[in-house]
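Since this is a predicted model, take the numbers as computed values, not measurements.
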Amino acid sequence: MNVIESARALGKALQEDEKYKRFHEASKANDNDTVIQNKIGEFNMLRMQLNQEMQKPDKDAEKMTSLDNDIKALYDEIMAMPVMVAYNDAKDELDALLSSVNYIISMAANGEDPMTCPEEPPHGCGGSCSTCGGCH
């Protein structure tokens with residue numbers, strides 16, 4: 001098996017992982033939640049209004065502050081919705097898995113043993129094994 005075939009096998013294994021499945025389901029739930037999608041649309045409209053106000057030569061500071069406050073409040077509301085919380089939690093788990101995979105591959109590319117390398121960089125790791133002796 002060559003490297004590309006191994007990468008494809010890794011991609012297949014990733015899609016079979018529970019973290020991927022949770023993220024995929026959470027993403028679908030998020031996309032299909034009309035309340036969240038409407039709130040996101042409203043959020044984007046407010047951002048466009050704020051951007052338009054910022055482009056004006058005679059900016060209305062009071063209106064900009066009001067729009068900014070509305071944007072922040074709506075963002076907080078969206079991020080607190082249970083479907084969005086589940087989506088973000090699932091995304092964080094998948095991102096952590098991908099980060100571990102990338103770290104192991106990077107360390108292997110630097111000559112480290114992928115079978116004994118840790119799943120994440122040691123705290124304060126700058127990516128250069130010359131400073132700490134590498135993964136042992």
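- The cluster map of Ile, Leu, Val, Met, Phe, Trp and Tyr, joined by side-chain heavy atoms under 4.5 Å apart, puts Y87 and L98 in the same cluster.
- Under the 4.5 Å side-chain heavy-atom criterion for Ile, Leu, Val, Met, Phe, Trp and Tyr, L74 and V83 are members of the same hydrophobic cluster.
- In this structure, S99 contributes its side chain and D95 its backbone to no donor-acceptor pair below 3.5 Å.
- Between atom CG of residue N102 and atom CG of residue L97 there is a gap of 9.5 Å, rounded to the nearest 0.5 Å.
- The two residues A26 and A90 have their closest heavy-atom pair at CB-CB, 4.0 Å.
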Donor-acceptor contacts, no H, no angles, side chain residues 31-40, under 3.5 Å, sequence neighbours left out:
residue : atom : partner : partner atom : Å
N32     : ND2  : K28     : O            : 3.1
D33     : OD1  : V35     : N            : 3.0
D33     : OD1  : I36     : N            : 3.0
Q37     : NE2  : N30     : O            : 2.9
N38     : ND2  : T34     : O            : 3.2
K39     : NZ   : E77     : OE2          : 2.9

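- A donor-acceptor pair under 3.5 Å is absent between the side-chain atoms of N110 and the main chain of E112, judged by distance alone.
- For the atom pair D70 CG and Q49 CD, the distance stands at 9.0 Å (nearest 0.5 Å).
- With values rounded to the nearest 0.5 angstrom, M45 atom CE is found 11.5 Å from I71 atom CD1.
- We find the CZ-OH distance between R47 and Y75 to be 10.5 Å, quoted to the nearest 0.5 Å.
- Clustering ILVMFWY residues whenever any of their side-chain heavy atoms sit less than 4.5 angstrom apart, transitively, puts M54 in a cluster other than the one holding M48.
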Verdict with reasoning, E53 to K56, per salt bridge (Lys or Arg N to Asp or Glu O under 4.0 Å): CA-CA 5 Å; E53 189 62 38; K56 292 180 179 177; 3.0 Å; yes

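- The distance from the OG atom of S6 to the CG atom of L10 is 8.5 Å, given to the nearest 0.5 Å.
- Looking at D68 and K72, a side-chain N of the basic residue comes within less than 4.0 Å of a carboxylate O on the acidic one, giving a salt bridge.
- Note that the CZ atom of F23 and the CG atom of D92 stand 10.0 Å from one another [nearest 0.5 Å].
- Counting heavy atoms from C-beta on, the side chains of V101 and L14 never come closer than 4.5 Å.
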Show your reasoning for whether salt bridge (Lys or Arg N to Asp or Glu O under 4.0 Å) applies to K19 and E93. CA-CA 6 Å; K19 291 175 180 150; E93 286 182 1; over 6 Å; no

Between K12 and E16, is the salt bridge (Lys or Arg N to Asp or Glu O under 4.0 Å) condition met? List the steps. CA-CA 6 Å; K12 184 176 184 304; E16 293 169 357; 3.3 Å; yes

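- Within the 4.5 Å cutoff, no side-chain heavy atoms of D17 are placed close to those of L94.
- Within 6.0 Å of NZ in K63 there are 12 or fewer heavy atoms belonging to other residues, nucleotides or ligands.
- A search for side-chain contact (heavy atoms from CB on, under 4.5 Å) contacts involving N88 returns M79, M84, not counting sequence neighbours.
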